[in-house]
Amino acid sequence: MFNAIRQEIESGRLEVGSKLSSEATLSQQYAVSRSVIREALRSCTALGLTVTKTGKGTFVVANKVANDLTLGQYSARDLTEARPHIEVPAAGLAAERRSDEELETLRHIVAAMSTETDPESWVALDSSFHAAIARASGNKVFASVVADIRDALAHQSETLNMVADRQHASDVEHQDILAAIEAGSAEQARAAMARHLQAVGLALDSILSN
């Protein structure tokens, strides 16, 4: 869905300065739900192609992808550089320190993600998973930092799902992280989180280089 709108913009069929049709109209035009349209439009905005003005609609502001993505108050590059330094050690500590209740929370989130079909709900679960691992680390600094970037993580997640079709791969990577935390292996948890974040970074690079 996102790629269809992106192609319309990059080909010039939707010119810079033009206004996109309403969510309801686009939903009918492409025969998809409004939530899918909403995610696609957010991805266009994250890629710097469109701007949505409250009460006025969504407008085309560029016909090619920006050099970096704006994800809430942070850029994609900032997040990609910072996350391994926070979330890899946090995953290792979570494997060693997590309580039974925290482990059950992580299991519940991962199980819910694997069956979730609504993109917005999946994105919320994704950011909850990363925040829960940071809390399970028992380190309040890690927990606070991940809570602070949670909105940006959600922006990143929804963009990757729409643009790079990352949802299924993320589910598998999250299951690997959970398994390592369940096993109590700090080394495996750090490695699984590092692989996940590397895959996220590569997906972002592929978007920016298109």
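Sequence positions, counted from 1, serve as the residue numbers for this chain. It should be emphasised that the depicted structure is a prediction, and the values quoted were computed from it without experimental measurement.
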Nearest heavy-atom neighbours spanning [X] and [Y]:
{"X": "Ile109", "Y": "Ala132", "value": "CD1-CB, 4.2 Å"}
{"X": "Val65", "Y": "Leu49", "value": "N-CD2, 3.9 Å"}
{"X": "Ala91", "Y": "Ala189", "value": "O-CB, 3.4 Å"}

Original post:
Quick one: side-chain contact (heavy atoms from CB on, under 4.5 Å) partners of Asp151, sequence neighbours excluded?
Top reply: none
Subject >> Pairwise distance CD1(Ile5) to CD1(Ile37) - rounded to 0.5 angstrom >> reply: 5.0 Å
Subject >> Nearest-0.5 Å distance, OG of residue Ser128 to CE of residue Met113 >> reply: 8.5 Å
Subject >> Criterion side chain to side chain contact (heavy atoms under 4.5 Å, CB included) against Leu160, the qualifying member of Val123, Asp126, Leu204 >> reply: Leu204
Subject >> Lys/Arg N to Asp/Glu carboxylate O, Arg98 vs Glu104, below 4.0 Å >> reply: no
Subject >> Arg38/Glu120 salt bridge by N-O under 4.0 Å criterion >> reply: yes
**OP:** Assign the ring pair His196 / His174 to parallel, tilted or perpendicular, where the plane angle (0 to 90°) is split at 30° and 60°.
**Re:** perpendicular
Just list the side-chain donor-acceptor pairs under 3.5 Å for residues 137-144, sequence neighbours left out, or say none.
unit_1, atom_1, unit_2, atom_2, d
Ser137, OG, Ala134, O, 2.6
Ser137, OG, Asn139, N, 3.1
Asn139, OD1, Val141, N, 2.9
Asn139, OD1, Phe142, N, 3.0

Please output the side-chain donor-acceptor pairs of residues 175-186 that fall under 3.5 Å, not counting sequence neighbours, one pair per line with the distance.
unit_1, atom_1, unit_2, atom_2, d
Glu182, OE2, Arg107, NE, 2.6
Glu182, OE2, Arg107, NH2, 3.2
Ser185, OG, Gln188, N, 3.1

Original post:
For Arg166 and Glu173, what are the C-alpha separation, side-chain angles and deciding distance, and is it a salt bridge (charged side-chain N to carboxylate O under 4.0 Å, His left out)?
Top reply: CA-CA 10 Å; Arg166 276 280 305 157; Glu173 290 156 17; 2.6 Å; yes
Original post:
Any luck finding a side-chain donor-acceptor pair between Arg83 and Gln156 under 3.5 Å?
Top reply: yes
Original post:
Between the side chains of Thr58 and Thr50, does any donor sit under 3.5 Å from an acceptor?
Top reply: no
